[in-house]
**Student:** 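Before I ask anything, here is the structure I am working with.
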There are 2 protein chains.
Amino acid sequence: MPVTPAAPDSPPAGRARLADVAALAGVSVGTASKALNGAGRMRPETRQRVLDAVAQLGFSPNQHAQSLHTGRSWTVGLMTTDGIGRFSTPVLLGAEDALGAGKISVLLCDTRGDAIREQHHLQNLMDRRVDGIIVTGRRTDPRPPLPGVEGIPVVYALSPSTNPTDTSVVTDDRGGARLAVEHLVATGRTRIAHVTGPQHHAAARERARHTVEQLQAAALEPSTGRIHHGEWSEAWGRRATEAVLRTAPDTDAFFCGNDQIARGVTDALRERGVTVPDDMAVVGYDNWDTMALASRPPLTTIDMNLSEIGRIAALELLRAIDTEPRPGAHTVPCRLVVRESS
Amino acid sequence: MPVTPAAPDSPPAGRARLADVAALAGVSVGTASKALNGAGRMRPETRQRVLDAVAQLGFSPNQHAQSLHTGRSWTVGLMTTDGIGRFSTPVLLGAEDALGAGKISVLLCDTRGDAIREQHHLQNLMDRRVDGIIVTGRRTDPRPPLPGVEGIPVVYALSPSTNPTDTSVVTDDRGGARLAVEHLVATGRTRIAHVTGPQHHAAARERARHTVEQLQAAALEPSTGRIHHGEWSEAWGRRATEAVLRTAPDTDAFFCGNDQIARGVTDALRERGVTVPDDMAVVGYDNWDTMALASRPPLTTIDMNLSEIGRIAALELLRAIDTEPRPGAHTVPCRLVVRESS
DNA sequence: CTCGTCCAGGAAAAGGTTTGCCCGTGACTC
DNA sequence: GAGTCACGGGCAAACCTTTTCCTGGACGAG
């Protein structure tokens, strides 16, 4: 006695396949596909029958089958060079948002700054045939390009590639310094000190350089005659305050390389009885809310528009995928956020 | 004249396929596959020939084809309920790390707290046939379970599901309160105040409740006779300090619901000339380095081991995928980090 | 009435891998 | 010497969708 075969039209076991939809609509699989994708010509009534079947079965296409066929995975890799920190998070979210609008998902890869891990993740992304890769880091220093990614578009966000023919989206340190200095000058400050992070950080170096430039453009110079490099910490902000006031007691403004330093400065000033903003203006950098808002008074600061950097990186990547990459560094302007410290 | 066909064994255009490997090794595609996966029996020498061909061509299998066939995508979705913040980041990294070890990649979905967006992401994850989903939020309050995820394992991290038959991995508020109170009592404090966040946050409520319990276990009660609920901010910490010292001047320790409040307390104490830890001990919660270390003095605090929560959530998810889910809430113990404020 | 045109929809290949099943050969046993 | 067994390896189906090419029928024009 032969084994009884399953009923030919038994209810599909797991998720509905396109074949189930086609069967229900009484058309062939190919026609069902065309109905869904809008391609091919067919009677509106037929298309509607397919769409009804889709709705009834709760069908949605198997992306693996789609990707296998089309070669596109509708996925991009997001490699974070060095943990996911305060800086990379908004970048990441901006990118995710922009890509999500285009039906593209984000594969997260954290390298923890480890080259081995980076290579491993990269291989994984290639195996998954991602459509592109966004590389971001927690610092703005340039980084060596990803090795061995021929044929797949890459965009560097926040930390540009050292290769100028790669596409990078970076912050506008020059514009940030200009916004801060122009704001201070416009509000009547002339004896401006600059306290910032370690010299081996590009962010500190660049901002310092452009700060001096901007001061010169206003026929000014740093109140202490030099840049105060140190750490990105409140403690350094406090120490630097003492140093600055000892050297140049007539200083009337601090422009700080980040909000932590700025907060240290305001604390030190308050403890010395210097009132902000009346006796002294303080401007920070980063617009890191937990620092800028908790500071007393809340800090005027420069916002790098990090999520915009992520968004633009995503858009550049989409362009590179669909048409042509636009090589070079694309800068995203900063924004001055005025609060009560200036 | 007929068009010249491409040479039958022309160098493969894009990436090598298994067929190319098989051809080079002089075996069939099926055999090549078996050689790679260790399955099937074959002469070691044949297997080696295949492996050599793989190395020579730099072959790695097309994951879409694999997934299409096996139904497994080696991908899990990570849905963050409410942005990616201070709390979800370590959870996320812990999960990514644990999953990466198992060749599984993480698809990032940020819902921004929007139910529509959540549904949209969820559909996307289902279409991609993810093997499982981790849901995390930025608060510890329970959240309603993900709708319509029948047949796919879900683990909730940090914010448990309101459905007790779901698998959740949560922080141990009770243990955290116990660690803090026992530490304070062990160092001779008896007049302990508790200042924390808003009552409508589970984290504040739970920690407060267990703090009172633990004090009672030591035959103590809050120095002010009550819990001080407010905001999770430094400003509230400063205000609360005044209130506590007015009500109960003999208070000798503050246990705070988070590090921001604790930092506000230390600031207020210093400004009143109360020295920490000699006159007053202060213990925070979260071990948020930018707060705990920048505080003066650095804070003794409770670390929730967030990345461990992420790691365990990932392991529970792997278990649910491979074998059986373990329903219920799994708590991850906290850790006391002693610094100079106690 | 016949031929040509156009249109709706079907058939089938392709995309790359896994895996169950089968077969041929060489060796071993009785 | 014949039958059996085990081992190495090939064949082909299956996973699901897209897309190109093709066919049959209907309709219009001459």
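Reckoned from all heavy atoms, side chains included, excluding hydrogens, waters and symmetry mates. Naming: A, B, ... by sequence-line order, numbering from 1 per chain. The shown structure was predicted, so the numbers you read here are calculated from the model rather than taken from an experiment.
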**Student:** Both B/Pro44 and B/Ala65 contact DNA chain D. Taking the nearest nucleotide for each, which residue is further toward the 5' end?
**Tutor:**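 Closer to the 5' end of DNA chain D: B/Pro44.
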**Student:** Return the value, rounded to whole Å, for the distance between atom CZ of A/Arg72 and atom P of C/dG15.
**Tutor:**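 These atoms are roughly 19 Å apart.
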**Student:** Under a plain distance cut-off of 3.5 Å, with no hydrogens placed, do B/Gln56 and B/Asp52 share a side-chain donor-acceptor pair?
**Tutor:**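 The answer is no; no qualifying pair exists.
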**Student:** Could you walk me through whether B/Ser159 and B/Asp141 pass the side-chain hydrogen bond (donor to acceptor under 3.5 Å, both in side chains) check?
**Tutor:** CA-CA 5 Å; B/Ser159 0; B/Asp141 297 72; over 6 Å; no
**Student:** Distance check, rounded to the nearest 0.5 Å: A/Asp127 atom CG versus B/Asn62 atom CG?
**Tutor:**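 Rounded to the nearest 0.5 Å, the CG-CG separation comes out at 8.5 Å.
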**Student:** Can you check the B/Leu18 CG to C/dG15 C1' distance for me, whole Å?
**Tutor:**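 The answer, rounded to whole Å, is 13 Å.
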**Student:** Closer to the 5' end of DNA chain D via nearest nucleotide, is it B/Arg43 or B/Arg129?
**Tutor:**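 With B/Arg43 and B/Arg129 compared, the 5'-side residue is B/Arg43.
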**Student:** For residues B/Ser73 and B/Arg128, report the shortest heavy-atom separation together with the two atoms involved.
**Tutor:**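 Heavy-atom minimum between the residues: CB-O, 3.8 Å.
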**Student:** Whole Å only: how far is the CZ atom of A/Arg49 from the C1' atom of C/dA8?
**Tutor:**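 Whole-Å distance recorded here is 11 Å.
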**Student:** Can you check whether B/Leu93 reaches A/Arg112 side chain to side chain, under 4.5 Å on heavy atoms?
**Tutor:**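 Yes, side chains in contact.
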**Student:** Does any non-hydrogen side-chain atom of B/Ser105 lie less than 4.5 Å from one of B/Glu96?
**Tutor:**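 Not touching, per the 4.5 Å side-chain cut-off.
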**Student:** Rounded to the Å, how far apart are B/Asp127 CG and D/dC16 C1'?
**Tutor:**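 The answer, rounded to whole Å, is 13 Å.
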**Student:** Could you state the CD-P distance from A/Glu45 to C/dC7, rounded to the nearest angstrom?
**Tutor:**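 Computing the A/Glu45:CD to C/dC7:P distance gives 17 Å.
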**Student:** Between the two end axes of the helix from C/dC1-D/dG30 to C/dC30-D/dG1, each built from 5 base pairs, what angle do you get to the nearest 10°?
**Tutor:**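 The two end axes of the helix from C/dC1-D/dG30 to C/dC30-D/dG1 meet at 60°.
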**Student:** Within less than 4.0 Å of OP1 or OP2 of C/dG16, is there a side-chain N or O belonging to B/Gln66?
**Tutor:**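 For C/dG16, OP1/OP2 do not have a side-chain N/O of B/Gln66 under 4.0 Å.
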**Student:** For nucleotides 19-27 of chain C, read 5' to 3', which letter fits each nucleotide if B means a protein heavy atom sits under 4.0 Å from the base, S means only the sugar-phosphate is that close, and - means neither?
**Tutor:** BBB------
**Student:** Which one, C/dG10, D/dG9, D/dT17, comes nearest to the side chain of A/Phe59?
**Tutor:**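 Among the listed nucleotides, the one closest to the side chain of A/Phe59 is D/dT17.
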**Student:** So, B/Thr80 versus B/Arg138: side-chain donor-acceptor pair below 3.5 Å or not?
**Tutor:**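 Note: B/Thr80 and B/Arg138 side chains miss the donor-acceptor criterion.
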**Student:** Using a 4.0 Å heavy-atom cut-off, does A/Ser67 contact any base of the nucleic acid, only the sugar-phosphate backbone, or nothing at all?
**Tutor:**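 Answer is nothing: A/Ser67 stays at 4.0 Å or more from every strand.
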**Student:** Calculate the interatomic distance between A/Arg15 atom CZ and D/dC16 atom C1'; express it in whole Å.
**Tutor:**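 Spelled out: CZ on A/Arg15 to C1' on D/dC16 is 12 Å.
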**Student:** Starting from C1' on C/dT18, measure out to NE2 on B/His64 and report it in whole angstrom.
**Tutor:**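 Rounded to the whole Å, the gap is 17 Å.
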**Student:** Taking atom P of D/dC22 as reference, at what distance in whole Å does atom CE of A/Met42 sit?
**Tutor:**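 After rounding, the reported distance stands at 20 Å.
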**Student:** Among side-chain atoms of B/Asn163 and B/Ser161, is any donor-acceptor pair under 3.5 angstrom?
**Tutor:**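 There is no such pair between these side chains.
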**Student:** Would you say A/Asp166 and A/Tyr156 make side-chain contact, with heavy atoms under 4.5 Å?
**Tutor:**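 Touching, per the 4.5 Å side-chain cut-off.
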**Student:** Between C/dG9, C/dG10, C/dT17, which one does the side chain of B/Asn62 approach most closely?
**Tutor:**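 Of C/dG9, C/dG10, C/dT17, C/dT17 is nearest to the side chain of B/Asn62.
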